[in-house]
Amino acid sequence: MGRLPGRAARTELRRRASAVLAAARGDAPTPRPAAVRRAPTAPGRRRSNPLRVWFKQHEGRVVNKWVHYLDVYHRHFAPFRGRPVTLLEFGVNRGGSLQMWRDYLGPQARIIGVDVDPECAAFAAEGIEVVIGDQEDRQFLRDLVARIGPLDIVVDDGGHTMRQQIATFEEVWPAVVDGGVLVVEDLHTSYWNGYGGGLRREGTFVEYVKGLVDQLHAWHSRQPEPEVDDYTRTIRGMHVYDSIVVLDKGTVDRPRARRSGHRGR
């Protein structure tokens with residue numbers, strides 16, 4: 001195909017990116033376009049990530065992401081694709097990530113963005129809702145989750161201050177369904193003074209996450225603390241990457257050890 005004029009070229013690139021995601025989800029039998037066709041993955045090499053394909057070809061609204069986040073997303077969000085799930089993202093910015101989630105998860109997904117800037121309301125579209133509010137306001141967060149209902153995926157890419165991240169996690173975590181995930185991004189602000197951070201400084205979100213690791217192991221404590229609490233019973237796993245943490249939600253029972261096999265064999 002020859003070179004297309006500006007608008008047509010952008011439309012064609014976005015169409016190709018959406019087609020790649022749809023084919024990968026199984027929403028349509030459309031084959032992978034020749035322009036983005038990939039050779040079979042060699043043993044030991046990373047398989048193609050459709051989010052990277054989308055990001056490279058995207059010509060819609062602006063998306064700002066650390067590139068390695070795309071692999072983290074795909075690793076943890078892939079099971080939700082093509083399903084009627086609800087994703088809540090804090091931090092709308094220019095609206096591009098809402099488009100990304102919509103294309104990646106599929107037409108059955110409900111995408112909700114939250115931002116303190118009233119102008120972000122203009123980024124609402126079919127399948128995409130935008131709510132205006134302050135993520136540090138705990139009452140706003142309680143009202144929000146009560147109105148939205150159960151959440152499958154939560155992405156905190158909001159203001160990145162310590163109080164915002166902690167308030168959002170504590171108020172939104174109860175609304176995440178069993179099998180759901182909550183992601184907090186840009187943890188490097190826990191080391192930046194301007195955001196309330198500092199190395200091993202009390203009250204940063206990184207130090208808060210370290211406390212959650214303690215709660216995860218509360219079943220095994222031989223001291224008065226930590227005591228088993230709701231986090232011990234609902235955090236199935238934690239995955240820490242550069243500047244991002246993913247928490248898996250689920251029912252956690254007291255761990256049990258068992259022995260298997262026969263002695264002497």
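What you see below is based on every heavy atom in this structure, not just the backbone, and it leaves out hydrogens, waters and symmetry mates.
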Exam field: side chain Arg102 to backbone Ala109, donor-acceptor pair closer than 3.5 Å: yes

Sidechain-backbone polar pair: Gln165 side chain, Asp157 backbone, donor-acceptor under 3.5 Å: no

Donor-acceptor under 3.5 Å (Glu185 side chain, Ile244 main chain): no

Under 3.5 Å donor-acceptor, Thr189 side chain and Tyr195 backbone: no

CD1-NZ distance between Ile153 and Lys249, expressed to the nearest 0.5 angstrom: 14.0 Å

Sequence-distant partners of Ser97, side-chain hydrogen bond (donor to acceptor under 3.5 Å, both in side chains), two or more places apart: Glu89

From Phe140 atom CZ to Ile132 atom CD1, the distance as rounded to the nearest 0.5 Å: 8.0 Å

Heavy-atom side-chain proximity of Trp173 to Leu247 below 4.5 angstrom: yes

Residues in side-chain hydrogen bond (donor to acceptor under 3.5 Å, both in side chains) contact with Asp156, at least two apart in sequence or another chain: Gln135

Ile112 vs Thr86 side-chain heavy atoms within contact, under 4.5 Å: yes

Set of side-chain hydrogen bond (donor to acceptor under 3.5 Å, both in side chains) partners for Arg138, sequence neighbours left out: Glu170, Glu171

Set of ring-ring contact (aromatic ring centres under 6.0 Å, His included) partners for His188, sequence neighbours left out: Trp66, Trp192

N/O donor-acceptor pair under 3.5 Å between Gln164 side chain and Gly158 backbone: no

Whether His76 side chain and Val181 backbone form a donor-acceptor pair below 3.5 Å: no

Ile235 side, atom CD1; Gln215 side, atom CD - distance, nearest 0.5 Å: 8.0 Å

Atom CG of Asp230: over 12 foreign heavy atoms under 6.0 Å: no

Sub-4.5 Å side-chain heavy-atom contact between Arg61 and Asn93: no

Backbone of Asp229 reached by a side-chain donor or acceptor of Thr232 within 3.5 Å: yes

Pairwise distance CG(Leu87) to CG(Leu105) - rounded to 0.5 angstrom: 6.0 Å

Set of residues satisfying side-chain hydrogen bond (donor to acceptor under 3.5 Å, both in side chains) with respect to Tyr231, sequence neighbours excluded: none

Heavy atoms from other residues, nucleotides or ligands near CZ of Arg94 exceed 12 (cutoff 6.0 Å): no

Gap between atom OG of Ser190 and atom NE2 of His160 - 0.5 Å precision: 11.0 Å

Point-to-point distance, once rounded to the nearest 0.5 Å, from NZ of Lys210 to CG of Leu212: 12.5 Å

Within residues 81-103 or reaching into it, pairs that qualify as ring-ring contact (aromatic ring centres under 6.0 Å, His included) - sequence neighbours excluded: Tyr73-Trp101, Phe77-Trp101

Pairwise side-chain contact, Val240 with Val213, heavy-atom cut-off 4.5 Å (strictly under): no

Under 3.5 Å donor-acceptor, Asn49 side chain and Leu70 backbone: yes

Salt-bridge criterion met for Arg236 and Asp178 (N-O under 4.0 Å): no

Over 12 non-hydrogen atoms of neighbours within 6.0 angstrom of CZ in Arg233: yes

Lys/Arg N to Asp/Glu carboxylate O, Glu207 vs Arg201, below 4.0 Å: no

Any donor-acceptor pair under 3.5 Å from Tyr69 side chain to Asp186 backbone: yes

Beyond-backbone contact of Arg163 with Ile166, side-chain heavy atoms, under 4.5 angstrom: no

Sidechain-backbone polar pair: Arg81 side chain, Tyr104 backbone, donor-acceptor under 3.5 Å: yes

